[in-house]
Number of protein chains: 2
Amino acid sequence: MTQQALAAPVADKTPRTARGQRTVRAILDAAAAEFGERGYHEGSIARIAQRAGVAIGSFYTWFDSKEAVFRALVADMSRQVREAVVPHILAAPDRLAGERAGLAAFLDFVRTHKALYRIIDESAFVAEDAYRAHYVSVAAGYASSLEQAFGKGVVSDGDWQVRAWAIMGMNVFLGLKFGVWDEGRPTAEIAAAAHALISDGLAPRR
Amino acid sequence: MTQQALAAPVADKTPRTARGQRTVRAILDAAAAEFGERGYHEGSIARIAQRAGVAIGSFYTWFDSKEAVFRALVADMSRQVREAVVPHILAAPDRLAGERAGLAAFLDFVRTHKALYRIIDESAFVAEDAYRAHYVSVAAGYASSLEQAFGKGVVSDGDWQVRAWAIMGMNVFLGLKFGVWDEGRPTAEIAAAAHALISDGLAPRR
DNA sequence: TACAGAGTTGAATACTGGTTCAGGTTTCAG
DNA sequence: CTGAAACCTGAACCAGTATTCAACTCTGTA
């Protein structure tokens, strides 16, 4: 699941050998699967170790606690989502078109990474600060990117803070509904409808 | 906190006397406080009983399990939010103005009922079906109300499903950001900015 | 006043699962 | 080859806490 290099564990607990690195990766992947399926509280260290094919003791060689792996996972995931979505936004001709492409990419990501999506959501209760950090940083990115688009005349003037959080919330809920719960409709279709809403609003054309 | 009559406990566990009713109410209120502060998993039955001023045994007279109170709470809360918000929407001259009034009311509600807000959110992981039921029903209400507004010519035609979930997500995130995390700005201001976005979109006026 | 059903009590039970630790095994530089 | 550092092992420990239960108290009706 997590194919990438691992948000580093804690303190001096960094692997010094290739062997150690492999173990850490295996544990992170196992943890992602375990927490994704069972959730944080139902998920168990023993099962994570088993999935990873290592002993419980090895787990504690690399992570200080259950919460520690979880936090490492959130950071890792936060990065993955961004990496999956941002390029699509940047590749689009303008910010508004980017919003549409970004949402479609996000929905696709969610559909293929439901576990990760769930983990980030659950971090709100297990690691509030990590959760906040994730969304605050995403929102900041949104706000500045929107403001920049305003400079180019692509979007109207307005409250960047509110707009950023609003759009983010929209995307998250569309991800939940049409990514996790209901795969019955093509992601592009959802993205198009959402794009229309964000772009022109609900008011009838005057 | 919960001043209203209690989503009924389970099966035959309904109080037959005023005395019993008082106890159930006390337990529900205590549970709201406990879960609101510590979250579901950190919250303890012993502490709920203590807060309610009853013995642990009494708790089990009225609720089958920890999860049972939590579910009762979610239902109760779902109702409270609705009751706090819907009247404002209905009182407005039209659906779009209602959206604005509704959001302001929602933000006010969240600021004064943070525990409830947290409980509903956490239900996503403790009682997925209850969480789903809550949002699915809210979304359905949104969708039909929007469609009705379309009939009156107040909003443009579009994808009701997507619009409903999008707006709901918007509101939830604005509630998180400007209701729970950051009370620095007046709720009316947030609602106005959000209203502008929903109503006219981001595209510059043509 | 007396009895029955409704409510109450909280110590004891039962169990789960995170964390520790006292050794083994592997790896690799010298 | 060799020894020390890096890693691995998993049974045992332990703390926390949901749930049970057998006995007790209230309350209101006859």
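In the text below, chain A, chain B and the rest are named by the order of the sequence lines, each starting its count at 1.
- Scanning residues 38-48 of chain A for heavy-atom distances under 4.0 Å to DNA chain C yields A:G43, A:S44, A:I45.
- Take A:E147 and apply the salt bridge (charged side-chain N to carboxylate O under 4.0 Å, His left out) test, not counting sequence neighbours, and it matches no residue.
- A:S78 contributes no side-chain N or O that, together with a main-chain N or O of A:A75, makes up a donor-acceptor pair within less than 3.5 Å.
- Residues of residues 124-131 of chain A that place a heavy atom closer than 4.0 Å to DNA chain C do not occur.
- Rounded to an integer number of Å, the gap from B:K13 NZ to C:dT8 P is 12 Å.
- By the salt bridge (charged side-chain N to carboxylate O under 4.0 Å, His left out) test, B:R132 is found to be paired with B:E128, residues two or more places apart in sequence or in another chain being considered.
- Applying side chain to side chain contact (heavy atoms under 4.5 Å, CB included) to A:E122 and the options A:Y40, A:Y131, A:F35 leaves one that passes, A:Y40.
- At whole-Å resolution of the value, CZ in B:R16 and P in C:dA6 are 5 Å apart.
- Boundaries of the chain A contact region on DNA chain D are D:dA6 to D:dG10, first to last in 5' to 3' order (nucleotide atom under 4.0 Å from a heavy atom).
- Scored by the salt bridge (charged side-chain N to carboxylate O under 4.0 Å, His left out) test, A:D182 finds A:K177 as partners (sequence neighbours excluded).
- Here the closest heavy-atom approach between residue A:A164 and residue A:A143 is recorded as CB-N, 3.8 Å.
- Within the structure, ring-ring contact (aromatic ring centres under 6.0 Å, His included) pairs that include any residue of residues 75-100 of chain B do not occur (at least two apart or interchain).
- Of the residues listed (B:R16, B:R22, B:Q21), the one engaging B:R19 in a side chain to side chain contact (heavy atoms under 4.5 Å, CB included) is B:R22, and it is the only one.
- Using a 4.0 Å cut-off between charged side-chain N and carboxylate O, B:D129 and B:R71 make a salt bridge.
- Rounding to whole angstrom units, CD of residue A:E34 and P of C:dG17 are separated by 10 Å.
- At least one test fails for B:K13 against the ring of B:F63: distance under 6.0 Å to the centre or angle within 45° of the axis.
- Between its two ends, the helix from C:dT1-D:dA30 to C:dG30-D:dC1 turns its axis by 10°, counting five pairs per end and rounding to 10 degrees.
- Salt bridge present: B:D76 and B:R79 bring a charged side-chain N and a carboxylate O closer than 4.0 Å.
- If you take OH on A:Y117 and CZ on A:R111, they are separated by 12.0 Å, rounding to the nearest 0.5 Å.
- Within 6.0 Å of CD on B:E183 lie more than 12 heavy atoms contributed by other residues, nucleotides or ligands.
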Identify all pairs in which a protein N or O lies below 3.5 Å from an N or O of nucleotides 28-30 of chain C, and state each distance.
none

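- Here B:D157 pairs with nothing under the salt bridge (charged side-chain N to carboxylate O under 4.0 Å, His left out) rule; sequence neighbours left out.
- Every pair passing salt bridge (Lys or Arg N to Asp or Glu O under 4.0 Å) that includes a residue from residues 44-63 of chain B is listed here, sequence neighbours excluded: B:E34-B:R47, B:E34-B:R51, B:E37-B:R51.
- No side-chain donor-acceptor contact under 3.5 Å links A:S199 to the backbone of A:A196.
- You'll find the ring centres of B:Y135 and A:F173 inside the 6.0 Å limit.
- We find the CD1-CD distance between A:I198 and A:E99 to be 4.5 Å, quoted to the nearest 0.5 Å.
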Interface polar pairs with nucleotides 20-24 of chain C, N/O, under 3.5 angstrom:
none

